[in-house]
Structures are given as structure tokens and as C-alpha cells.
Amino acid sequence: MLKTLQILYHQGKQYIPDLRNAKVPGIFRGRPEISSEKVDEQAMEDVCPTNAILKGPVRIDLGKCTFCGECSRLFPKKISFTTDYKLSTNERTRLLITEEITSQIGLNPDLIRKEIRKLFSGSLKLRQVSAGGDNSTELELNACGNVNFDMGRYGIEFVASPRHADGIVITGPISKNMAEPLEITYEAVPSPKIIILAGTDAISGGIFEGSPALDRTFIEKNHIDLYVPGNPVHPLTFINGVLDLLGINP
Ligand code: SF4
């Protein structure tokens with residue numbers, strides 16, 4: 001008994017008390033910042049493996065960025081990564097980082113469907129669909145519910161059946177063989193239903209963008225409620241994005 005108490009004391013608090021203002025280690029790559037430094041923009045564009053860097057002027061599309069850090073390693077005066085993990089938004093164009101963007105990305109309140117906050121701010125059940133994913137973002141989404149992040153404290157949980165869910169979270173670039181299962185899963189969720197894209201692969205296809213092995217028709221024809229950048233997504237990015245969507249400010 002005494003030994004158990006000693007272990008518990010030694011471990012300290014296992015959960016993060018304030019998920020809204022938690023700190024992450026300095027090595028974490030969050031929202032990039034772009035300086036006005038003059039660089040060879042073509043060389044910078046060429047270094048990016050996913051065409052996330054656009055030139056004239058230099059911009060970074062976080063929906064395509066794999067956060068590999070190669071651009072900031074080769075052009076440290078031009079691009080630096082902050083530890084800001086609040087990257088989620090509900091407007092695809094907001095993921096385009098320009099020189100002017102030096103603060104949090106945030107959601108566009110005009111694009112949040114009214115029924116989402118009315119119905120789901122006290123309880124949100126989600127079904128995760130790995131549509132050709134590599135298990136990295138899936139692992140991080142799993143961590144959202146562990147004792148450390150504990151998003152269940154806000155009534156946000158993953159469930160096994162789409163019939164018990166209020167929305168789906170898609171990971172992976174959506175391979176052809178997952179296009180139909182994704183449609184079937186989405187149809188099984190009762191309306192109104194939320195769609196969240198988690199990770200670079202889900203948002204743009206990532207390194208697989210343009211591959212004939214993908215079928216991204218689902219993304220093109222449905223309204224996306226939340227884009228969560230990251231490769232993989234950090235639990236704090238996902239949880240804060242969902243809290244913003246639901247209007248929860250503990
Ligand atoms: S960190 Fe992003 S923008 Fe920079 S090279 Fe890697 S993928 Fe491209």
C-alpha cells in the first residue's frame with residue numbers, strides 16, 4: 001500500500017489540467033512564420049516534397065505541408081516554425097500561411113453550422129475512418145482519449161459504430177478501395193453529421209496527391225466542418241480544433 005502511494009506521488013498529475021493553454025516542447029513544429037527576407041524562391045519551392053511552398057510571394061499551404069522542416073533548415077531566416085499547435089480551421093483558404101500571418105489561424109464563425117453547437121456542445125461522438133492512412137494520425141487520435149489528454153472530459157469520444165456517432169474523422173489520403181467504405185460509413189451516421197479531416201493526407205492527399213490510386217470524390221462533394229493539419233496531427237491540435245468548432249471555452 002505504502003509502495004503504491006509512493007509510486008502515485010512520484011508520478012504526479014497524469015492529466016493536462018488546461019488543454020487550451022498547454023505548452024509543448026520547443027522541438028515541436030507548429031504554425032510556421034515567414035519573414036520578409038529575400039530568398040531564391042524557386043530553390044525554396046524545389047525543396048518541398050509536397051508542393052506546399054508557393055512563390056511570388058512565398059506562402060506555405062498547411063493542408064499540404066508534412067512539417068518535415070526541410071525549408072526552415074535550408075532557409076532559416078525565411079521560415080521558422082513556432083510551437084503554436086492551434087492550427088485547425090473550418091476554411092481551407094486559412095491554411096495558406098503568408099508573411100502577414102503571425103497569430104493563430106482560428107475558425108471562420110460564419111461557416112460553423114448552427115446545429116453543430118446547438119446539438120453537440122455537450123456531447124460529441126465520432127467515428128474514425130482510416131482511408132488509406134499510415135496509422136500515425138490514427139495513433140495520435142487514439143491518444144486524445146488517454147489519461148494524459150482526456151478529451152472525454154468534454155464529452156468528446158470515439159465510438160465503434162457510425163450509427164452511434166455524430167460525425168466522422170477521416171485520416172489518410174482516401175485510397176480507391178476505401179472510397180466506398182467511407183461513403184457507406186458516412187451514410188450510416190444520422191444527420192446532421194460532422195466531417196473532420198485529420199492530417200495532411202486527408203486534407204490534400206499529402207505525398208500521394210494526384211496519385212491514380214486515390215479517389216477523393218467524397219471530399220469534393222461534401223461540406224468539411226474542420227480541417228486539422230499535421231503529419232501526424234498532434235492531440236492538442238485536434239482537441240483544440242474540435243473545442244473551437246463546438247464553442248467550448250472552459
Ligand atoms: S516543412 Fe512543409 S513547407 Fe517546409 S519543406 Fe517540409 S513540407 Fe514543405
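Counting convention: from 1, in listed order, for ligands and their atoms alike.
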query = Quick one: which ligand 1 atoms are inside 4.0 Å of a heavy atom on F81?
reply = 1 (S)
inquiry  = Could you tell me, atom by atom, which parts of ligand 1 come under 4.0 Å of a heavy atom of T50?
reply    = 7 (S)
request  = Tell me yes or no: between the side chains of D46 and Q42, is some donor less than 3.5 Å from an acceptor?
outcome  = yes
key: Between E91 and T89: side-chain donor-acceptor atoms closer than 3.5 Å   =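 Distance-only check fails for E91 and T89.
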task = I would like to know whether V242 and Y154 meet side-chain contact (heavy atoms from CB on, under 4.5 Å); could you show each step before the answer?
result = CA-CA 10 Å; V242 176; Y154 302 112; over 6 Å; no
request  = Report the relative orientation of the aromatic rings in H234 and F28; use parallel for angles under 30°, tilted for 30 to 60°, perpendicular for over 60°.
outcome  = perpendicular
key: atom 4 (Fe) of ligand 1: protein N, O or S atoms [distance under 2.8 Å]   =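 Listed by chain and number, the nearby protein N, O or S atoms are C71 SG.
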inquiry  = Please say yes or no: joined through hydrophobic side-chain contacts below 4.5 Å, possibly via intermediate residues, are I194 and I239 part of one cluster?
reply    = yes
message = For F158, does the six-membered ring have the charged nitrogen or CZ of K125 within the cation-pi criterion, i.e. under 6.0 angstrom from the centroid and within 45° of the normal?
response = no
task = Could you identify which residues cluster with I27, counting Ile, Leu, Val, Met, Phe, Trp and Tyr as linked when any side-chain heavy atoms lie under 4.5 Å apart, either directly or through a chain of such contacts?
result =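 Under the 4.5 Å side-chain rule, I27 groups with nothing.
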